[in-house]
Amino acid sequence: MATETTTEQVPLPPMSRVGFFRWMWRQLTSMKTALILLFLLALASVPGSVIPQRGINPILVDEWLTDNPTWGPLLDTFGFFDVFAAPWFAAIYILLFISLIGCVLPRLGVHWRAMRQPPPPAPRYLMRLGGETAEINEQPALILSRAEKYLHKDRWRVIRSGESWVAAEKGYLRETGNLVFHFSLILILFAVAYGGLFGWRGNVIVREGEGFSNTLTQYDAWSGGRLTSPDTLPAFSFTLEDFNVEFSRAESQRGAPQLFEADVSVVRPGESMAANERIEVNYPMTIESAKIFLVGHGYAPQFIIRDSTGNIVFDDAVVFLPQDGSFTSTGVIKVPDSTPQLGVRGIFLPTTALSEERGPFSSFPAPDDPSVFLGAWEGDLGLDSGIPQSVYTLDSESMEQLGLRALRPGETWELPGGAGSIEFVDFERWASFQIAADPGKEVALIASILAIAGLSLSLFIQRRRVWVKVRPNAATGGTTVEVAGLAKASGDDPKENVDELVKYLIGEAT
Amino acid sequence: MNSIDLAEMSNNFVYASMITLFLATIFFALSYSAGRTRAETRALVDSTGSVIPPAESSSSEAATTPANPGWRMANIGLSLSWLSAGLLLVGVIVRSLWADRAPWGNMYEYSITSALGILLVYLIWSTRRDLRWLGLFVTIPALLTLGLAVTVLYTEAAQLVPALKSYWLVIHVLAAIICGGAFTVAAATAGLSLIADRHWIKQLPSRETLEKLTHRIIAFSFPLWTFAVIAGAIWAENAWGRYWGWDPKETWAFITWVIFAAYLHARSTAGWKHQKASVIAILGWVAFLINYFGVNIFVNSLHSYAGV
């Protein structure tokens, strides 16, 4: 910098380590720092809504990484695909909470003392605060008593000094609310952390007529917090008896879902009899700490596959995953027990339609005109390679394609070269459930309610002081009354309290 | 009466409301050209009490409001705004009767109810204090919202998707709509406070008054917004199995909340109380708008359904 400083450089005393930490602490707990941290928190959240997130849609993240080979891995390194679990995001909110604690904790002591203190005595020159003066033809003591009575009734904290003044204060709940709000935020953070450590969630697809029992191996996907023990899952089981779904056939919003219901028979922990219950969207089933949500549904076409000698090598319904809103669904059948091994890729269409650009697709989600389009391969499924395979993908690298065929329910495809046959028997429905437990959520809810209550108190209640001063007026034989008020918050004005009090004192006298 | 008639009736009320609101906007605009001087207005507004208690304004206000050509225009604008809000209320109620549910099942319905929210927040507030100078800046966003609703977002009423069939729809969305109205009015007063010192519009109250009004309306809407977010979390827990999942809608609700929290802190921080705080208030409103339009239209969110 080329600018000349005219003020002399004052040599600063060397800062001790304690002094440095005190300085740091003061910086961190200042309101300005809190403000900057709040902005950073808002700013840091933005990428989490723009860039796909692993926690919400891992498939989209993978696509994004493939589409952006330069930027993708770089962003990945800095945790942009999992913003809300990224260390830099945690750094911001942890600093914010430290700043919050540093700011609020000392105020707790200050407020505790203020609550137990009487209102301060009237200032010597009361009228400097504004306020009003009145002449009342009455004894000073009487006026003060009346002022006391009024203020008590109006729920002020009142003290009186003999025959000269009354001091009153109210609105202590403003700061109480403020403190409750900020401590509730800390409590919410703990509740979220507790739920993260001890909670768990899993997803499972269940076909109609099929059962599920709540053990780890039955889940398609399961994740638990660091301190969750999978051995302590509540012991229940249920069977999906019936699944109902209805779609809108009205011109507008054609195909929009109108109803999903899963009828289940459930055996609760410690019970031996099954009870019938219904799970709907917005109406989960609760079993001990776990809640069972209906999150999706689809079709499971049923096939019978015979090998070249006519033996049945496969007889089951296969879960196909919906790819669009009209439930064009794809799936895979693997038959390891035939020689050579057989693999089938399929598309299930609840309402069959064909077009030049899209090929076969479904035009409506309900099964008005169901069919499957199949492609069959023979050779090695690659199941013995030791690499785990998804049940929804077929690795046809070391297989030979046998052909393609469309089937309606009841039709059979005789595979070329006498390799066997595939019969499309019928279809079932499946429902997918999310089963989750979050032991922190009750605390989070209570803390949230406390936060709103505290916030409302701190914003709607005003901390105000009012003083009434009296002195005998020798000239009239009456009393000169001075009333004035003071508001703690800038922008607040106790004028209404002063006006009403004066009006009352005058009104009662006549 | 069959359902087609009800749908048409609702649309007609919305159109009638738009025409009335357009006229109100013109009258509010005229009130600025044929107005009083700045000094007089200042006296009027300041004497009506720029401070917290709302009840005190009435008597002194009537006395200090003389017959003035500018304010007469604004009075007509205010009456027309009431009429427009009444027509819109009927339109929203008829729409709700037709659809047989709460009238915010899609973006069109949400938008016409939001326009009503903006108008009602302003009109109800204006019964407590003289806000005629603010009329233009409230009727314009309400008119824009309605225009967008009937041209771009219009959807035939349909049944709700199962995920929306919950009484939380009424609670959570209603709170959000009222907040939207309040945030819009706050953005108007905050925006005006930024230009108040430049004397472009003579009728404006002082910058300090505008800042206090902004603070008051945000102090009212911030707890309500907190409630809307928490009500959404409770609903999400019932519908999706988690109370908070950083869905884009949730993320932007959080961002909006953090920005308004920053506003309230700025109001009690030296050096941040005035212009900076007003800018933050406007930023909060922008975040709300991004959440309202941006997330539904551009982002793949759990909240994107039901005809946009």
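First the proteins, then the strands, lettered A, B, ... as listed; each starts at 1.
Contact of Ile280(B) with chain A is made through the side chain alone, with heavy-atom distances under 4.5 Å. Interface remark: Asp438(A) contributes side-chain atoms only to the contact with chain B (heavy atom separation under 4.5 Å). If you measure heavy-atom distances from Tyr243(B) to chain A, the contacts under 4.5 Å come from the side chain alone. Proximity to chain A is limited to the side chain of Leu264(B), based on heavy atoms less than 4.5 angstrom apart. Contacts of Ala233(B) with chain A are absent, with no heavy-atom separation under 4.5 Å from either backbone or side chain. For Ala444(A), the part lying under 4.5 angstrom from a heavy atom of chain B is the side chain only. With a threshold of 4.5 angstrom between heavy atoms, Ala34(A) does not approach chain B through any atom at all. No part of Thr256(B) comes within reach of chain A, as not one of its non-hydrogen atoms sits under 4.5 angstrom from that chain.
For chain A, the option among Trp244(B), Tyr263(B), Phe227(B) with the highest count of heavy-atom pairs below 4.5 Å is Phe227(B).
For the residue pair Ile259(B) and Ala42(A), the shortest heavy atom distance occurs at CG1-CB, 4.1 Å.
The aromatic rings of Trp246(B) and Phe89(A) sit perpendicular to each other, their planes meeting at more than 60°, with 30° as the lower class boundary.
A side chain to side chain contact (heavy atoms under 4.5 Å, CB included) with Val46(A) holds for exactly one of Thr251(B), Ile255(B), Ile290(B); it is Ile255(B).
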